[in-house]
Amino acid sequence: MADFIACPDPAGVADPALRRVAEKYAAGERLSGDDALVMFRSPDLLALGRLADHANRSRHGDVVTFAANQHINPTNICILRKTCAFCSFARLPKEDGSYHYTLDEVWAEAAAADNGLTREFHIVGGLDMKAGLQYYSEIFRGLKQRYPHVHIKALTAVEIAHISRIEKMSVRDVLVALRAAGLDTLPGGGAEVFGQAVRMTIAEKKLAGSDWINVHRTAHDLGIRSNCTMLYGHVESLEDRVEHLTMLRDLQDETGGFLAYIPLAFHPDHNELGRELGREGTATTGFDDLRNLAVGRLFLDNIAHVKTHWIMVTPALSQTSLSFGVNDLEGTVVREKVYHEAGAKTAQSMSLDEILRLIRSAGKVPAERDSLYRILRTFEPEPAGVPVAA
Ligand code: V47
């Protein structure tokens with residue numbers, strides 16, 4: 001439990017609408033959907049950040065966690081290739097650049113970065129008709145045999161629903177079978193924006209928002225924890241964001257199964273949506289990135305962890321977000337495809353030293369965690385406070 005941290009004085013908030021939200025927050029009242037809208041609309045990012053920082057430090061003190069993880073994408077073949085307008089990763093089976101790893105290729109990918117430090121495999125891929133229950137069960141079993149200590153966080157709700165459809169099994173039975181093969185938790189992808197109108201525009205044929213929620217509800221009921229996300233910065237309105245966050249918060253009230261919330265910044269290169277919006281080469285703004293993280297911290301008051309994905313928003317902005325409500329930094333990653341195909345200019349991986357440098361030079365205390373957010377080791381903070389230069 002963190003030491004007492006004084007709440008920012010609402011009287012110091014210049015924007016009157018945000019001041020009323022700050023008063024509710026200071027009084028310990030739960031923020032409503034209308035309050036979330038006020039937070040998204042307010043130009044006073046610093047006041048919003050101070051509230052989010054307070055909420056974060058009241059839970060986590062100055063500790064910022066990270067995990068030594070490795071992303072593996074076993075296939076980019078996807079039946080939604082033509083209808084998920086925001087995706088640059090998917091390919092049709094015979095299209096240039098399509099791939100479907102054999103098991104040996106999965107083992108080779110896992111071994112490529114085998115430095116003895118990796119504690120989590122993060123495995124997501126396309127909706128490939130040849131990637132069913134047997135394929136993923138063999139992958140999970142094989143990885144657990146080779147790396148028994150490594151946690152497997154794999155398959156978005158959309159992939160789970162796809163396997164359920166092609167195997168003609170219920171979602172529950174698929175999850176039970178995959179868990180027996182080694183699945184530990186589910187990542188938060190595939191959520192995009194739940195609202196029907198946005199979904200019809202950016203991901204017409206994708207699992208409906210309510211079905212995404214149902215897959216996670218079933219996972220939580222089985223004791224399988226998961227993450228949640230929102231893809232922002234494309235055609236969604238602020239009201240769509242609030243509706244989405246409300247659905248996440250409601251499920252968390254019901255199950256308590258979400259570990260972390262991760263807002264995903266839309267990357268517009270090499271995809272239909274980016275072309276249609278005339279946004280190629282134009283990333284989301286730093287202002288909106290920080291605002292999404294801060295609102296996530298304040299509105300999702302029942303989700304303990306807010307994670308920044310440095311691959312998406314740059315290490316510099318991720319570091320800044322540690323003062324805007326964020327307590328968890330995406331880990332080492334090793335090799336990333338989904339965002340780099342869509343224009344991410346960031347590196348493919350981050351070393352332990354660089355992670356420690358980012359966290360320490362933000363005046364925070366780095367701590368390595370496992371996939372269930374248990375602290376494994378804590379590192380010394382910067383000895384003499386925040387340095388001017390690293
Ligand atoms: O579902 C795809 C998103 C997700 C783009 O749980 C895009 O720890 C931006 O699941 N621009 C997959 N986003 C990634 C994922 C994930 C990522 C980080 C952490 C966790 C976690 C999970 O990537 C997809 C989709 O929402 N995505 N294309 C794009 N052009």
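Counting starts at 1 for both ligands and their atoms, following the listed order. Since the structure is predicted, the reported quantities are computational estimates derived from the model, not experimental observations.
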Between ligand 1 and the protein, which N/O pairs fall short of 3.5 Å?
| unit_1 | atom_1 | unit_2 | atom_2 | d |
| --- | --- | --- | --- | --- |
| ligand 1 | 1 (O) | Gly190 | N | 2.6 |
| ligand 1 | 1 (O) | Glu192 | OE2 | 3.3 |
| ligand 1 | 6 (O) | Gly188 | N | 2.8 |
| ligand 1 | 6 (O) | Asn227 | ND2 | 3.0 |
| ligand 1 | 8 (O) | Lys153 | NZ | 2.8 |
| ligand 1 | 8 (O) | Asn227 | ND2 | 3.1 |
| ligand 1 | 8 (O) | Lys307 | NZ | 3.0 |
| ligand 1 | 10 (O) | Gly189 | N | 3.2 |
| ligand 1 | 11 (N) | His267 | N | 2.8 |
| ligand 1 | 23 (O) | Tyr339 | OH | 2.8 |
| ligand 1 | 26 (O) | Glu192 | OE1 | 2.5 |
| ligand 1 | 26 (O) | Glu192 | OE2 | 3.3 |
| ligand 1 | 30 (N) | Phe86 | O | 2.8 |
| ligand 1 | 30 (N) | His267 | O | 2.9 |

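Ion pairing between a basic and an acidic side chain is recognised when a charged N comes within 4.0 Å of a carboxylate O; Arg291 and Asp288 show such pairing.
A side-chain contact (heavy atoms from CB on, under 4.5 Å) with Phe86 is found for exactly one of His234, Glu192, His267, namely Glu192.
No donor-acceptor pair under 3.5 Å is formed between the side chain of His309 and the backbone N or O of Lys307. Looking at Ser164, its side chain never comes within 3.5 Å of a backbone N or O of Ile160 through a donor-acceptor pair.
Stacking of Arg241 on the aromatic ring of Tyr232 is not recorded, the 6.0 Å distance cut-off and the 45° axial limit not both being met.
In this model, no donor atom of one side chain and acceptor atom of the other lie less than 3.5 Å apart for His122 and Glu330.
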